[in-house]
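As structure tokens, the structure follows; a few thoughts come after it.
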There are 2 protein chains.
Amino acid sequence: MKDCTIYKTMDIIGKRWTLCILLELYKGDNNEKQFNELKGMIKGITPKMLSTRLKELEEQGIIRKRVDSTALPARSFYSMTESGIDFIRIIQDIKKWALTWQFDNPKCKMSECKYCTNTVTSK
Amino acid sequence: MKDCTIYKTMDIIGKRWTLCILLELYKGDNNEKQFNELKGMIKGITPKMLSTRLKELEEQGIIRKRVDSTALPARSFYSMTESGIDFIRIIQDIKKWALTWQFDNPKCKMSECKYCTNTVTSK
DNA sequence: TTTCATAGTATCACATTAGAAACCTCCTAC
DNA sequence: GTAGGAGGTTTCTAATGTGATACTATGAAA
């Protein structure tokens, strides 16, 4: 096993879609979101990838899943744990860095991610 | 093309070895490092991967390469640009987050990355 | 009883990445 | 002329990641 903390962490958060999913969970004022809601917000993601990533993130304690089985058909609600919320500031720093040094994206520059309505668009 | 800044940035920095290479370039007091020096410090990396990542990072303006052709055989020196140095604080935040929420690594917790002698060990 | 919505899973195929091993070039020193 | 170091490149293969599409289960509503 690799011994480097950075290396191991990138195996968790470096995967495609992961940060986008966290960002979507962070957006808006409702702290719980459903599967199809996320699927709709992150355009281009397949249910398979969303399912896979959500499972990984849950295993790592970054998000949590709550199932409401009184509502029928049963509904799943995803939300961030404390560790996930703590990670948001890193995502925002990455965004700031990228906007300074790599990309020009005025829309992104202006809006706080929490209230950003950008979606990841399919190619 | 994807429109999300986060998404695009992860394509740059989310690749295997990338952050480890940046961290190695940051370490110590000498700001320039040679190819084989990096290869030796990052145990497990193949020359191919190191070469590929260095090229990518150079293209993105995160590191720079200087070739000294007066010395023979010619030597290459790699160092961080301003944008690379600015990125180090994000790497450190990621490390702090990981040590808080994901891994227990006392060696990592104690040392400032700049003077960390940990190497990425092969499995 | 057919359709709809939610929340996924299954299957298959393709593309990309990563790694191992060998090789190459330039020059120096023996 | 042969070995050796620096700084890579080439080739081939294996693993992994990703995506398209279709399918499933449950129950409500029409």
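Residue numbers start from 1 in every chain, and the chains themselves are labelled A, B, ... in the order their sequence lines are given, proteins ahead of strands. Since this is a predicted model, take the numbers as computed values, not measurements.
Looking at Asp11(B), Ile6(B), Ile13(B) one by one, the single match for side-chain contact (heavy atoms from CB on, under 4.5 Å) with Thr9(B) turns out to be Ile13(B).
Taking the side chain of Arg75(B) as heavy atoms from C-beta on, and the options dA6(D), dA7(C), dG17(D), the nearest nucleotide is dA6(D). Closest to the side chain of Arg16(A), out of dA20(C), dT18(D), dA7(C), is dT18(D).
Between Tyr78(A) and the phosphate of dT6(C), there is no side-chain N or O to OP1/OP2 separation shorter than 4.0 Å. Considering only side-chain N and O atoms, Lys15(A) lies nowhere under 4.0 angstrom from the phosphate OP1 or OP2 of dT17(C). Within the structure, every side-chain polar atom (N or O) of Thr46(B) is placed at least 4.0 Å from both OP1 and OP2 of dA21(C). Regarding contacts with the backbone of dA6(D), every side-chain N or O of Gln34(B) stays at 4.0 angstrom or more from both OP1 and OP2.
Within residues 47-57 of chain B, the residues that have a heavy atom under 4.0 Å from DNA chain D are, in order of number, Pro47(B), Lys48(B), Ser51(B), Lys55(B).
Panel note: side chain Thr18(B), backbone Gly14(B); no donor-acceptor pair is recorded below 3.5 Å.
A cation-pi arrangement is absent between Lys65(B) and Phe77(B), since the terminal nitrogen or guanidinium carbon is not both under 6.0 Å from the aromatic centre and inside a 45° cone about the axis.
Going from atom CD1 of Ile12(A) over to atom P of dG17(D) covers 14 Å, rounded to whole Å. Ile21(B) has its CD1 atom 11 Å from the P atom of dA18(C), to the nearest Å. Across the protein-nucleic acid pair, Ile45(B) atom CD1 and dT9(D) atom P stand 13 Å apart, rounded to whole Å. Distance CG (Leu38(A)) to P (dT6(C)): 13 Å, rounded to an integer number of Å. In this entry the distance linking CD of Glu58(B) with P of dG7(D) reads 14 Å, nearest Å.
Among the heavy atoms of the strands, none lies under 4.0 Å from Phe77(A).
Contact of the Tyr78(A) side chain with the Glu32(A) side chain is not registered, since no non-hydrogen atoms from C-beta on lie closer than 4.5 Å.
Overall, the helix from dT1(C)-dA30(D) to dC30(C)-dG1(D) carries an axis bend of 20° between its ends, with five pairs at each end and the value rounded to 10°.
Contacts of Lys33(B) classified as salt bridge (Lys or Arg N to Asp or Glu O under 4.0 Å), with partners at least two apart in sequence or in another chain: none.
Between atom OG1 of residue Thr81(B) and atom CZ of residue Phe87(B) there is a gap of 11.5 Å, rounded to the nearest 0.5 Å.
In Glu82(B), the CD atom is not crowded: 12 or fewer heavy atoms of neighbouring residues, nucleotides or ligands sit closer than 6.0 Å.
Considering all non-hydrogen atoms of both residues, Val67(A) and Ser76(A) come closest at CG2-OG, 4.1 Å.
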